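A short worksheet on the structure shown next.
Quantities reported herein were computed from a predicted structural model and do not represent experimental measurements. Sequence lines set the chain letters: A, B, ... in the order given, protein chains first and strands last, and positions in each chain run from 1.
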Amino acid sequence: MNEEVTPLPSLEQDQTSEQTIEEIVASLGETVGEPRVDDPKMSVSNVNVFYAEKQAIFGVDLDIANNEVISMIGPSGCGKSTLLRCLNRMNDTIPICKVTGELMLDGEDIYGKDTDPVLLRARVGMVFQKPNPFPKSIYENVAYGPRLHGLNRNKADLDDIVVNSLKKAGIYNEVKNRLDESGTSLSGGQQQRLCIARTIACSPEVILMDEPCSALDPIATAKIEELIDELRENYAIAIVTHSMQQAARVSQRTAYFHLGKLVEVGDTDTIFTNPSHELTENYITGRFG
Amino acid sequence: MLLLVVFVLTACAYVFGRTRAATLRKNGESLHSLPRYYGYLTAIYTAVPALFILAFWSAAEPTYLKHSTTNTLPAEIRALPEGELNLVINDIKNIATGGITQNTDDAVRESSAQHYADRKNTSQLLKSIFVVLASLLGALYGLSKISVHTRARIFVERTIMTVLIACSCIAIFTTVGIVLSVLFESLRFFNKVPFTEFAFGLHWSPQTSIRADQVGSSGSFGAVPIFAGTLLISAIAMLVAVPFGLMSAIYLAEYASSNVRAWAKPLLEILAGIPTVVYGFFAALTIAPMLRNVGESVGLSVASESALAAGLVMGIMIIPFVSSLSDDVITAVPQAMRDGSLGLGATKSETIKRVVIPAALPGIVGAILLAVSRAIGETMIVVMAAGLTANLTINPLEAVTTVTVQIVTLLTGDQAFDSPKTLAAFALGLMLFITTLILNVIALRVVRKYREQYE
Ligand SMILES: Nc1ncnc2c1ncn2[C@@H]1O[C@H](COP(=O)(O)OP(=O)(O)OP(=O)(O)O)[C@@H](O)[C@H]1O
Ligand SMILES: [Mg+2]
């Protein structure tokens, strides 16, 4: 169970004696900072996630606000993806995964009895770590969601949606002459923007991004970051990232996770200039993680 | 006997070689390889040349004996046609080995037999001497090679590699041999029956009579009806196998929990393990009468051997092929594709229909093509359930016949091996071979292309 070797005195015995994750988590104490915002788009209360017997998320409270980017950072395996996948119930596809606690979207419980995960996922879109365009044409990739949800009345409508989504994703100029080429023929960065366009085309309210730039080069990354900043005007965005600079550049609030626990959350500026929790400080100064 | 001697010598050579190398090593020589390898080296030198001599001698002996015996016979016997001459020689051999023959009192044959026996003994003696000599010389040579300069390990590795190559060559040469023999026999057939008649003729009745005055003396070899029959039955089989196989593959790959999968998949594959004969009599004894009864009750006349019965059962037989291969390709579609689709708010079945299946389609097509080639080549079921008459029909309720059935009927029973009737079997076989080969090549291409997409 020696998951982390930290310079923290409270965790020092970790190296010598067997200590369960639960005990370590308990020793982390309460979340530092304010997890709540006024008028949240999504709101997570006391959420625990289990993979079979193993607990991956411990009592997390967190709000996601409109027109704001919140970044989730933390060492590998701390449960960022897990929490993100709870927000649009992608975890449902993993049979052993169990979620307890309350997750609200506009005040509705998304794990409630009458919430349809399929409709939920149309409202809470997701962009994955690895670009995963379908092996279909670029046009078909973007038209996929609208077709599913019947968002268009006719072909012209659909064309509009596709073009607008591609424009919003900042890729239209690069692909406008090759809309019927395969989505997989694009470069990695273009593919990722295509995936963002595909998500936007479903007109979601929240966009979740799980390390959207980790497979991309700096130029493609810069383009996507710029795009995220623009998208903020219309959507609530949560982004998982391993890059501290990226979190600092694109997000307004930052949440730091450690071993499945939300350790600290607050304004990005404050977190990066003046973190309150020792673990956060260690992580962002690169001392471990 | 001789073999045993060679083996013993080889074993001895191994022990000697090894001991010798070990001694050298003890005396402080820095040998290249372990003593064991020097043992192998000596053994190889002992066995291989001897075995080669043995093999060639044994192969050449009968020809030589026959030739030399023929020369002792009087000219009028030697002038006999090939077939009768062989009979005489056989007689002589029998006399020589003390077997029973009809004309034991024939002086000419007696003397020839004596000659044969003499020659044979000499040959055997010489053979033994040469083989043993070769193996002894080999052993000595091998022993003399044990020195610091010999790299025994490399030599042994090379030998092993050569043996392995030889073994794989045997498989390849056999295949090539079969193909060539089929090819040449088919060419002989096409000398007797024009290719155009074979390829476009609509009438198939290969019964050539033995005497010229019998009816239907010529036989006709239009292969269209039997290829049509093959296609009809294969088509019915695919109509059964593709939907069922594909759907069970989708269920197994996408919906089944790992528990269900763990027992359902092997169960389905057991279907592939049932001998085709069993399917055959299932088709002939259960399905065919059932179809006839059903047909009667709705006023259709169903032949007791119908294309439908054979095709249905063949389809069932092929289901595991389609499902198992399709299951593999569906499982190979990356999870990221499914996540992408689900993340856009697609339901599971929408995801399967719009993303997973299209992505897996090339692989599925490959699986189906392989299944088709299997259906075309299938024999037992159709022999038992499809009938023998070459009807040119597309009515699945009638009896039709297939290429494989015809090959079986052409070649079972006593046959002269150069009548058009038997040669026709080779021509049919060739066509069948070419068809399935093409299908397989296309299928493998398609499957490989699909693999490349995701790797
Ligand atoms: N499908 C799964 N089955 C079982 N355990 C899982 C599964 N997915 C994640 N976990 C476990 O849950 C914990 C959190 O994983 P998660 O993927 O959320 O981490 P992460 O913070 O996203 O890490 P990374 O930065 O490496 O992506 C890990 O300990 C992991 O082993
Ligand atoms: Mg992750």
Side-chain angles (χ1 to χ4, degrees), chain A residues 81 84-85 87-96 116-137 140-151 165 182-185 191-192 194-204 207-210 215, chain B residues 246 250-265 326-367 445-455:
Chain A
S81 304
L84 203 67
R85 289 166 62 91
L87 295 174
N88 69 346
R89 291 186 63 174
M90 279 303 280
N91 277 340
D92 291 12
T93 59
I94 303 172
I96 56 169
D116 184 349
V118 168
L119 296 180
L120 172 73
R121 288 184 201 135
R123 292 175 67 192
V124 184
M126 186 155 198
V127 176
F128 296 85
Q129 177 169 1
K130 241 180 95 197
N132 57 349
F134 304 129
K136 299 168 180 278
S137 72
E140 284 301 321
N141 261 286
V142 183
Y144 186 83
R147 282 223 172 101
L148 280 179
H149 304 297
L151 296 181
S165 310
S182 169
T184 48
S185 67
Q191 286 187 10
Q192 193 63 301
L194 176 63
C195 291
I196 294 175
R198 188 172 78 179
T199 307
I200 297 172
C202 299
S203 42
I207 300 178
L208 311 173
M209 300 185 176
D210 192 350
Chain B
L246 207 52
I250 292 173
Y251 171 73
L252 281 179
E254 297 287 330
Y255 289 96
S257 70
S258 50
N259 278 339
V260 176
R261 209 179 139 86
W263 62 260
K265 206 174 171 191
S326 312
D327 176 58
D328 289 347
V329 291
I330 291 176
T331 328
V333 174
Q335 183 62 31
M337 291 294 141
R338 298 187 186 95
D339 283 351
S341 171
L342 292 174
L344 291 172
T347 64
K348 193 152 188 172
S349 66
E350 283 166 342
T351 300
I352 293 169
K353 197 174 73 194
R354 297 183 186 215
V355 175
V356 178
I357 298 292
L361 197 61
I364 293 174
V365 170
R445 276 270 165 86
V446 170
V447 172
R448 189 167 325 134
K449 190 146 189 194
Y450 164 76
R451 292 259 155 80
E452 279 162 8
Q453 253 180 37
Y454 293 116
E455 275 163 14

Exercise. Sub-3.5 Å donor-acceptor pair from the side chain of A:Asn132 to the main-chain atoms of B:Met337, do we have one?
Worked result: no
For this session: State, yes or no, whether a side-chain contact exists between A:Arg85 and B:Asp339 at a heavy-atom distance under 4.5 Å.
Result: yes
Exercise. With sequence neighbours left out, what residues match A:Ser81 under side chain to side chain donor-acceptor pair (under 3.5 Å)?
Worked result: A:Asp210
For this session: Can you tell which part of A:Pro133 gets under 4.5 Å to a heavy atom of chain B, answering side chain, backbone, both or neither?
Result: backbone
Problem set entry | With A:Asp92 via side chain to side chain donor-acceptor pair (under 3.5 Å) - residues at least two apart | A:Arg89
Exercise. Distance from A:Glu140 atom CD to B:Arg354 atom CZ, nearest 0.5 Å?
Worked result: 9.0 Å
Exercise. How about A:Lys130 and B:Pro334: do any of their side-chain heavy atoms sit closer than 4.5 Å?
Worked result: no
For this session: Specify the closest pair of heavy atoms between A:Tyr144 and B:Ser341, including all atoms of both residues, with the distance to one decimal.
Result: OH-OG, 2.6 Å
Problem set entry | Part of A:Thr93 within contact of chain B (heavy atom distance under 4.5 Å) | side chain
Side chains of residues 358-366 of chain B: which donor-acceptor partners sit under 3.5 Å, not counting sequence neighbours?
none

Exercise. Between A:Phe134 and chain B, which part of the residue has a heavy atom less than 4.5 Å away: side chain, backbone, both or neither?
Worked result: both
For this session: Identify the residues of residues 342-350 of chain B whose heavy atoms come closer than 4.5 Å to a heavy atom of chain A, ordered by number, or report 'none'.
Result: B:Leu342, B:Gly343, B:Leu344, B:Gly345, B:Ala346, B:Thr347, B:Glu350
